[in-house]
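Worksheet: one structure, shown below.
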There are 2 protein chains.
Amino acid sequence: MMQSSPQAAIDKFWEFFPPVWHTVRAHIHHEAAENFDITVGQFHILRRIRGGIDSVSKLAADRDTSRPAISRAVDVLVNQGLIVRTVNPADRRNVQLSLTAEGQSLMEALFSNTRNWMAEKMADLSEAELEAIFVAGDALKRAFANKNG
Amino acid sequence: MMQSSPQAAIDKFWEFFPPVWHTVRAHIHHEAAENFDITVGQFHILRRIRGGIDSVSKLAADRDTSRPAISRAVDVLVNQGLIVRTVNPADRRNVQLSLTAEGQSLMEALFSNTRNWMAEKMADLSEAELEAIFVAGDALKRAFANKNG
DNA sequence: TGATAATAGTTAACATTAGCAATCATTTTA
DNA sequence: TAAAATGATTGCTAATGTTAACTATTATCA
């Protein structure tokens, strides 16, 4: 094959990454708004809290946004009953965020919904292609998903 | 290997796709704001115009956003001298958008900058991994990047 | 110890950007 | 030709982001 120079891989990246992410994001946007009454931004905050990113500062760092923006978004989610704030007794400045039972079941429903949709879309991928997603995913994560952005 | 079920591939997708995209987006955000004085949203509009998506309606459809939002963003870019509006003589309702010389050179500089940054990041990927990016990219594009989002 | 700095989070004021509804001009359809 | 549809823009309102200032708590260090 011998087509796989880094430059060509970068071209390929720009060919598939934005449209694929856009499609997935659009699906979540639609589902989240239509069936679960949350925005994509809220979804991504809930997703991170579910993944253990449990403070305003960590969320702000992880999303590359300001603390005030997160603080307000958290306000809304608390009022919606999806997450709770708990003061950390070990450091009373720190407010730990966690999903409520309702928040958890919402996320599980939304994830399961999205997984089913993705599984349909990926149904006719070959074994080799699925394997390539593993290899490429690990490679890209190693190359890009590290601390120094 | 035999690990490559669709379900496992979906897990992998969620493991690498958001953080990788976030890192790339953060780099562009930083470069675009710091050195070129445009926002990420503006960058993505310029990128699409550069790719031949040349009207407000097409941009709105491609970005899954409203025409008014695009129209106003275009206003800003026109005032910045990066794009021009040209009424299409064949259909005078249609306003065709194109990059000015300045817009073109800005995009070329930003792309080249980003390519260099990506090439550094991807420098130590193996030949097999680069090849996997091709296969996985085509597969994901086929699965997700089609008209019915 | 006690003053000072640093950290976590929130609030305030302001700017940007998004959305929907309505409008204008132009083209297509019946 | 009259009515419907399309492309683009503008007015108004809501959501979201940013910086600066403020409160409370913890860490530093002279």
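- For the pair B:Val95 and A:Ala73, nearest-nucleotide mapping onto DNA chain D gives the more 5' position to B:Val95.
- Neither A:Val40 nor A:Leu99 shares a network with the other; the hydrophobic side chains, linked directly or stepwise wherever heavy atoms of I, L, V, M, F, W or Y lie under 4.5 Å apart, form separate groups for each.
- Once you apply a 4.0 Å limit to the heavy atoms of chain B, the touched nucleotides of DNA chain D run 5' to 3' over D:dA5 to D:dC12.
- Nucleotides of DNA chain C that come within less than 4.0 Å of any heavy atom of chain A span, from the 5' end to the 3' end, C:dA6 to C:dA13.
- There is a path of hydrophobic side-chain contacts, each under 4.5 Å, that joins A:Trp21 to B:Val20.
- For residues 40-68 of chain B, proximity to DNA chain C is found at B:Thr65, B:Ser66, B:Pro68, defined as any non-hydrogen atom under 4.0 angstrom from a strand atom.
- Side-chain atoms of B:Ser55 never come within 3.5 Å of backbone atoms of B:Val95 as a donor-acceptor pair (strictly under, hydrogens ignored).
- When heavy atoms are screened at a 4.0 angstrom cut-off, A:Ala69 is found touching base atoms of the nucleic acid.
- A 6.0 Å sphere centred on CZ of B:Arg63 holds more than 12 heavy atoms belonging to other residues, nucleotides or ligands.
- The hydrophobic cluster containing A:Val76 does not contain A:Ile83, counting ILVMFWY residues as joined when their side-chain heavy atoms lie under 4.5 angstrom apart, directly or transitively.
- Within a 6.0 Å sphere centred on CZ of B:Arg115, heavy atoms belonging to other residues, nucleotides or ligands number more than 12.
- Within 6.0 Å of CZ on B:Arg85 lie more than 12 heavy atoms contributed by other residues, nucleotides or ligands.
- Comment: A:Asp54 engages A:Lys58 in a salt bridge, judged by a side-chain N to carboxylate O separation of less than 4.0 angstrom.
- At most 12 non-hydrogen atoms from other residues, nucleotides or ligands lie less than 6.0 angstrom from CZ of A:Arg25.
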Determine whether B:Leu110 and B:Asn35 satisfy the following criterion, side-chain contact (heavy atoms from CB on, under 4.5 Å), listing intermediate values before the conclusion. CA-CA 9 Å; B:Leu110 187 43; B:Asn35 300 332; over 6 Å; no

